[in-house]
Trainee: 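Structure below; questions to follow.
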Amino acid sequence: WHQESILGVQETTLTAELQFGALNSVSLSGDLAIVGCRYMEAVYIYRRIFADGYFQWTDGFKLQSSDFDFDVYDFNFSVEHVHKQSFGTSVAVQKRTLLV
C-alpha cells in the first residue's frame, strides 16, 4: 500500500468539526470514492483515473440536499443560519448506485 492522494474540498479548509469522512461517511466502489461531510451538508464524489503513467484522483464533485439552505440577515451585521438535515452522515455506493 502507498498513498496516492489526499482527498479534500476546494471551497474551505477542512477541520475535524466538519466531520469530512467521519464514521460511516466513506464508501468505495471500483474507482469511485464517496465521502460525506455531515456539517457541510454535502457528499463529494471522487474518481480515480489513469493519466500520465500513474493513477490520480479527480477533484470532488459536490452534492447537496435540495433542502439545504441558509438565511443571511444584514443590518450592519451578517448572521447565517444553516438548516441542518444531516445530509452526508452516512453513504454507500455500489457500481452506479449511491445512497445518502
Side-chain angles (χ1 to χ4, degrees):
W1 291 80
H2 67 279
Q3 180 176 324
E4 287 183 0
S5 182
I6 296 175
L7 303 179
V9 298
Q10 293 180 353
E11 66 264 15
T12 190
T13 301
L14 293 173
T15 62
E17 290 80 20
L18 294 176
Q19 294 191 1
F20 179 80
L23 302 172
N24 295 321
S25 64
V26 175
S27 186
L28 304 171
S29 179
D31 288 332
L32 289 178
I34 311 300
V35 182
C37 190
R38 178 179 174 197
Y39 287 107
M40 288 179 62
E41 299 279 327
V43 171
Y44 293 86
I45 301 172
Y46 300 91
R47 190 169 66 107
R48 188 175 71 154
I49 58 174
F50 188 78
D52 300 325
Y54 61 94
F55 285 104
Q56 57 190 358
W57 289 89
T58 61
D59 290 336
F61 178 79
K62 183 178 180 179
L63 298 176
Q64 277 190 308
S65 168
S66 59
D67 292 333
F68 176 81
D69 62 352
F70 60 91
D71 303 313
V72 177
Y73 303 97
D74 191 5
F75 300 101
N76 295 330
F77 62 93
S78 294
V79 176
E80 291 185 5
H81 176 74
V82 178
H83 304 273
K84 296 291 184 186
Q85 304 292 322
S86 295
F87 186 79
T89 299
S90 183
V91 297
V93 64
Q94 184 175 15
K95 296 183 183 178
R96 296 179 59 93
T97 303
L98 170 63
L99 299 175
V100 180

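Source: prediction; values computed, not measured. Throughout, numbering of the chain's residues begins at 1 and tracks the sequence.
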Trainee: Which pair of non-hydrogen atoms, one from Lys62 and one from Ala42, has the smallest distance, and what is that distance?
Mentor: CE-CB, 3.8 Å
Trainee: Which pair of heavy atoms, one from Cys37 and one from Leu18, lies closest together, and at what distance?
Mentor: SG-O, 3.4 Å
Trainee: List the steps and the verdict of side-chain contact (heavy atoms from CB on, under 4.5 Å) for Leu14 and Val9.
Mentor: CA-CA 7 Å; Leu14 293 173; Val9 298; 3.6 Å; yes
Trainee: Nearest 0.5 Å, please: how far is OG in Ser5 from OH in Tyr46?
Mentor: 9.0 Å
Trainee: So for atom CZ, which belongs to Phe61, do other residues, nucleotides or ligands contribute more than 12 heavy atoms lying within a distance under 6.0 Å?
Mentor: no
Trainee: Is Ser29 reaching over with its side chain to a backbone N or O of Lys95, donor-acceptor style, under 3.5 angstrom?
Mentor: yes
Trainee: Give, for atom CD of Gln56 and atom CD1 of Ile49, the distance between the pair rounded to the nearest 0.5 Å.
Mentor: 4.5 Å
Trainee: Within the side chain of Thr58, is there an N or O that forms a donor-acceptor pair under 3.5 Å with the backbone of Arg47?
Mentor: yes
Trainee: Please name the pair of heavy atoms, one in Trp57 and one in Ala33, separated by the smallest distance, quoted to 0.1 Å.
Mentor: CZ3-CB, 3.6 Å
Trainee: Decide yes or no on side-chain contact (heavy atoms from CB on, under 4.5 Å) for Thr89 and Leu23, but give the supporting numbers first.
Mentor: CA-CA 8 Å; Thr89 299; Leu23 302 172; over 6 Å; no
Trainee: To the nearest 0.5 angstrom, please state how far the OG atom of Ser86 sits from the CZ atom of Arg38.
Mentor: 4.5 Å
Trainee: Work out which heavy atom in Glu41 is nearest to a heavy atom in Phe87; give both atom names and the distance.
Mentor: OE1-N, 3.3 Å
Trainee: Got a second to check how far Leu63's CG is from Tyr44's OH, nearest 0.5 Å?
Mentor: 9.5 Å
Trainee: Can you tell me how far CD1 of Ile45 sits from CG of Asp59, rounded to the nearest 0.5 angstrom?
Mentor: 13.5 Å
Trainee: side-chain contact (heavy atoms from CB on, under 4.5 Å) for Ile34 and Val43? Distances and angles first, verdict last.
Mentor: CA-CA 7 Å; Ile34 311 300; Val43 171; 3.5 Å; yes
Trainee: CZ/Phe50 to CG/Asp31 distance, rounded to the nearest 0.5 angstrom?
Mentor: 11.5 Å
